[in-house]
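As structure tokens, the structure follows; a few thoughts come after it.
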Amino acid sequence: MVSEDRPAFSTALLVVLASVLALAPSWINYDIIANDGAFQYIPVAELFLQGRFRDALLTPQLPLFPLAIAGMSFITGLDPELSGRLVAALAFIVAALGIYRLGMLTAGQRRVALLAVLFLVTNRELVQDSVDCLKESLLAALIVWGNVWILRWVQGRKTWHLLAGVSLLLAGGLLRSTALFFIGAWLILWAFHRRRGMVLRVGLIASPVAAVLVLWLIDPTLPIFIRSYNLGLIFKPEHTPLFLLTAAGKTVNEFLATGNPLVMLFAFAGLYRMRAGAYARHATVVLLIYLLIMVMWGHVFSGRYLLAPIVWVYPLAACTVYEAWRSRRTVWKMCAGLAVISCLALWGYQTQIPPDPDKLAWKQAGQWIGARIGPGREVMSNRARLAFYAKGTALSLEDVKAGGPHPCIAVDVATEEGRKFKANYDQAGLRADAVFRSVYVYLPES
């Protein structure tokens, strides 16, 4: 590895500007908040804003992102949704600066570092998550900078570098449990880095892992094992060879699709080319851990769960793409050029996607309901985020009977359930108080 100088102010400014420009189109085309933001992060953030810290910390949701939302809202006076979006966008910029630093640290070439930044800021999944109330960019920022400081410790052996890196990765564990995979990968490298004392080091790592497994077997209902640390998602009875093979195929396919197939293939080549270095060895172990855990999960998961390892290997891809471009063989130059062009093309396609008019209708209907009946009221709907924008409590449509007393109802007839519901209300002679595209709103006792 090559020791890096601090990036010049002009280069850092270039990275920041590229990040902002990458986010701007998706920020403008934003329609409505993601389900996780509406029903996991913002409710907990509101508890923090109300000073109910004990209640917030006792929820199953990991606390760091809701706390960041609450802090941004408290400082700026903005509503939690916009505050969460700002936290995500700022973290995206910080992650881009971290990738630049990582590229300089591992390759020592500014062009390679900037190429890695290009791969990050054009990742469609990360860009989309970074304009929404989602924690993926903050997780990426903590993981990238945490590992940068640990790599600096590997080079310089300064204790405070190690402490800073581990602290940032532990903070990432308060966002998503998978951040701890990166600490685990460093511990595995430490355990096997030489023969002498290897058994003792492996035992030191295995002992707490075994203790956690025993605790889970004794009482899997403990709060720590809810949601992110739910080991029941991993240890399933249906782990047949066919199940595991199918899950492995799904995981690899999702990894390639989320990270850009060409870029990820160059990253895999980089793992081999730089296999002697601590960075590549650590990235290899991280990828194997992710593959193992996702295969054990077995179910379909969002690509955003894989963003952390994808972002982590972008400098590897950048090194290999740069070397391919400098090759004398035309075929390698073409592959390198296609990798860069594909990033820009996929990002460009993302920027052309306008806000979803149907989702905007849910938002408009919810805001209209909130203005009519006030916050904190029950809203029965087949679109839960509609109730979020009404600042009400979302209830299912299943128990509503035409003609009987009911709270506010907002039904989207774009679904089969919604069409059947509206047909029943039409037969009962009830008419909607307002219509927003396919959403029909019935105010209380109308």
*Atom CG of Leu23 and atom OG1 of Thr351: how far apart are they, to the nearest 0.5 Å?*
12.5 Å
*List in chain and number order the residues that pass ring pair (Phe, Tyr, Trp, His ring centres under 6.0 Å) with Phe65, two or more places apart in sequence or in another chain; answer none if no residue qualifies.*
Tyr41
_side chain to side chain donor-acceptor pair (under 3.5 Å) contacts touching residues 74-92 (sequence neighbours left out)_ = Tyr30-Glu81, Glu81-Tyr389
*When you measure from the side chain of Arg176 to the backbone N and O of Ala308, does any donor-acceptor pair fall under 3.5 Å?*
no
*asked:* Looking at Arg275 and Tyr272, would you say the former's side chain and the latter's main chain have a donor-acceptor pair under 3.5 Å?
replied: yes
*Those residues that, when tested against Phe266, pass ring pair (Phe, Tyr, Trp, His ring centres under 6.0 Å) (two or more places apart)*: none
*Would you mind checking if Asp132 and Arg304 are paired as a salt bridge, meaning a charged N to carboxylate O distance below 4.0 Å?*
no
_Donor-acceptor under 3.5 Å (Thr59 side chain, Ala56 main chain)_ = yes
*Indicate, with yes or no, if the rings of Tyr290 and Trp312 have centres closer together than 6.0 Å.*
no
*Would you find more than 12 non-hydrogen atoms of other residues, nucleotides or ligands less than 6.0 Å from Lys333 atom NZ?*
yes
*Hey, what do you get for CG (Leu118) to CZ (Arg111), rounding to the nearest 0.5 Å?*
14.5 Å
*Any chance you could measure Trp149, atom CH2, to Leu105, atom CG, to the nearest 0.5 Å?*
10.0 Å
*Short question: side chain of His282, backbone of Gly277 - any donor-acceptor pair under 3.5 Å?*
no
*Just jot down the side-chain contact (heavy atoms from CB on, under 4.5 Å) partners of Arg54, sequence neighbours excluded, or say none.*
Leu58
*Does the pair Arg52/Glu46 count as a salt bridge with the N-to-O cut at 4.0 Å?*
no
*Pairing residues for Ser342 by the side chain to side chain donor-acceptor pair (under 3.5 Å) criterion, not counting sequence neighbours*: Asn260
_Measuring from atom CG of Leu395 to atom CE of Met380, what distance do you get when rounded to the nearest 0.5 angstrom?_
5.0 Å
_Ser207 side chain vs Gly203 backbone, donor-acceptor pair below 3.5 Å_ = yes
*Side-chain donor/acceptor of Trp145 to backbone N/O of Gly165, under 3.5 Å*: no
*If only atom types and distance count, is the side chain of Asn147 paired as donor or acceptor with the main-chain N or O of Ile143 below 3.5 Å?*
yes
_Geometric cation-pi criterion Arg385 and Phe388, 6.0 Å radius, 45° cone_ = no
*Sequence neighbours left out, what passes side-chain contact (heavy atoms from CB on, under 4.5 Å) with Ala88? Give chain and number order.*
Ser137
*Does Ser327 use its side chain to pair, donor to acceptor, with the backbone of Glu323 at less than 3.5 Å?*
no
*CD of Gln128 to CG of Asn123: how many Å apart, nearest 0.5 Å?*
11.0 Å
*asked:* For the CE atom on Met334, are there more than 12 heavy atoms of other groups (residues, nucleotides or ligands in this structure) within a distance under 6.0 Å?
replied: no
*Under 6.0 Å between ring centres, would you say that holds for Trp325 and Trp332?*
no
*asked:* Is it true that Arg377 and Thr393 share a donor-acceptor pair across their side chains at a distance under 3.5 Å?
replied: no
*How long is the span from the NE2 atom in His193 to the CH2 atom in Trp186, to the nearest 0.5 Å?*
13.0 Å
*When you measure from the side chain of Asn382 to the backbone N and O of Asp412, does any donor-acceptor pair fall under 3.5 Å?*
yes
